[in-house]
Amino acid sequence: QKEVEQDPGPLSVPEGAIVSLNCTYSNSAFQYFMWYRQYSRKGPELLMYTYSSGNKEDGRFTAQVDKSSKYISLFIRDSQPSDSATYLCAMKTGANSKLTFGKGITLSVRP
Amino acid sequence: DSGVTQTPKHLITATGQRVTLRCSPRSGDLSVYWYQQSLDQGLQFLIQYYNGEERAKGNILERFSAQQFPDLHSELNLSSLELGDSALYFCASSAGGLGAEAFFGQGTRLTVV
């Protein structure tokens with residue numbers, strides 16, 4: 001079993017839809033949780049960063065962490081064509097430790 | 001722009017050759033991480049340096065090595081290259097403090113022919 005499992009894709013939604021992206025993990029030592037967005041042929045870009053259970057909101061994006069269920073989610077409201085990218089969940093055990101990534105899901109938002 | 005600079009952007013080389021990938025971290029960041037991204041494996045951690053010293057090792061082959069210099073830039077050396085080494089190689093840097101975020105460069109796309 002991989003340490004981090006991410007829902008496989010690809011995912012295609014119409015503009016304006018609410019998107020839900022999910023990851024589960026098996027290592028209870030993970031304390032820091034991130035979502036990265038990666039456009040084609042570019043480096044991952046940090047979107048959201050949390051280190052506690054609960055919700056964190058930033059504009060149209062909400063990150064949710066449930067440590068008891070070992071489950072994290074990213075919600076995108078009012079999705080836009082510019083949100084079309086690959087989304088990667090990532091987690092780490094300590095502040096300066098390595099990131100362990102999910103495999104990523106490719107999202108396409110249709111105009 | 002993340003502030004992390006990687007060179008070269010693209011590299012095409014033959015099997016058996018050796019290449020060096022370079023990374024300049026964000027100003028003031030002490031930690032540098034190297035990752036490999038392939039279609040089947042996703043993003044895999046290779047190695048981490050903190051202020052010039054190796055901090056952690058991941059799935060890095062013995063044919064690969066890295067170092068971080070006093071000016072904090074880092075180099076990843078890949079030798080005896082095989083076709084399967086073709087991938088995107090990313091460098092990330094972080095300040096190293098509590099909860100520090102990691103910022104990624106644009107990557108080096110290595111093609112081994």
Side-chain angles (χ1 to χ4, degrees), chain A residues 1-10 21 23-27 29-54 56 58 61 63 65 85-107, chain B residues 1-7 9-10 21 23-26 29-51 53-60 66 87-109 111:
Chain A
Q1 181 188 8
K2 281 186 172 292
E3 280 190 291
V4 180
E5 300 274 5
Q6 186 167 359
D7 286 351
L21 308 175
C23 287
T24 58
Y25 61 96
S26 57
N27 186 352
F30 286 134
Q31 298 296 323
Y32 299 87
F33 305 91
M34 284 133 281
W35 285 94
Y36 282 84
R37 178 175 62 194
Q38 186 176 21
Y39 291 112
S40 181
R41 299 182 181 276
K42 300 289 187 185
E45 167 197 358
L46 184 64
L47 268 182
M48 300 288 283
Y49 183 14
T50 60
Y51 48 85
S52 59
S53 282
K56 180 178 180 179
D58 184 1
F61 298 90
V65 174
T86 296
Y87 290 80
L88 302 131
C89 62
M91 15 198 116
K92 56 183 181 176
T93 57
N96 297 307
S97 56
K98 63 165 183 165
L99 291 168
T100 300
F101 283 87
K103 286 199 76 173
I105 183 169
T106 299
L107 170 68
Chain B
D1 182 4
S2 67
V4 179
T5 303
Q6 287 187 250
T7 56
K9 286 188 170 50
H10 304 278
L21 312 184
C23 170
S24 294
R26 293 188 320 155
D29 281 0
L30 299 177
S31 262
V32 170
Y33 308 79
W34 286 97
Y35 291 83
Q36 179 192 58
Q37 186 175 39
S38 60
L39 278 173
D40 55 341
Q41 294 293 323
L43 264 165
Q44 298 285 313
F45 169 70
L46 295 177
I47 197 164
Q48 177 196 2
Y49 278 82
Y50 179 84
N51 202 20
E53 294 191 3
E54 182 183 302
R55 176 64 67 92
K57 247 181 177 176
N59 302 319
I60 188 166
L88 266 168
Y89 291 84
F90 286 105
C91 165
S93 76
S94 73
L98 185 65
E101 304 164 6
F103 295 87
F104 281 76
Q106 293 302 293
T108 293
R109 182 173 293 276
T111 303

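So you know, we letter chains A, B, ... as the sequences are listed, proteins then strands, and number each from 1.
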Does any backbone or side-chain atom of B:Q106 lie under 4.5 Å from a heavy atom of chain A? Answer side chain, backbone, both or neither.
both
So how far is it from A:K98 NZ to B:S31 OG, rounded to the nearest 0.5 Å?
14.5 Å
Starting at NZ of A:K103, measure out to CG of B:L39 and round the result to the nearest 0.5 Å.
8.5 Å
Pair B:R109, A:R41 - check side chain to side chain contact (heavy atoms under 4.5 Å, CB included), show working.
CA-CA 9 Å; B:R109 182 173 293 276; A:R41 299 182 181 276; 3.4 Å; yes
Partner chain B: residue of A:K42, A:E45, A:K2 with the largest heavy-atom pair count (under 4.5 Å)
A:K42
What part of A:Q38 gets within 4.5 angstrom of chain B, counting heavy atoms only: side chain, backbone, both, or neither?
side chain
I need the minimum non-hydrogen distance between A:G43 and B:F90, along with the two atoms involved.
CA-CE2, 3.3 Å
Given a strict heavy-atom distance threshold of 4.5 Å, which part of B:L46 is in contact with chain A: side chain, backbone, both, or neither?
neither
B:Q37 versus chain A, the contacting section by heavy-atom distance below 4.5 Å
side chain
Which bit of A:L99 is near chain B, if near means a heavy-atom gap under 4.5 Å: side chain, backbone, both or neither?
both
What part of A:S97 is in contact with chain B, defined as an atom under 4.5 angstrom from a non-hydrogen atom: side chain, backbone, both or neither?
backbone
Would you please indicate yes or no on a ring centroid separation below 6.0 angstrom for A:F101 and B:Y35?
yes
Partner chain A: residue of B:D40, B:V4, B:L43 with the largest heavy-atom pair count (under 4.5 Å):
B:L43
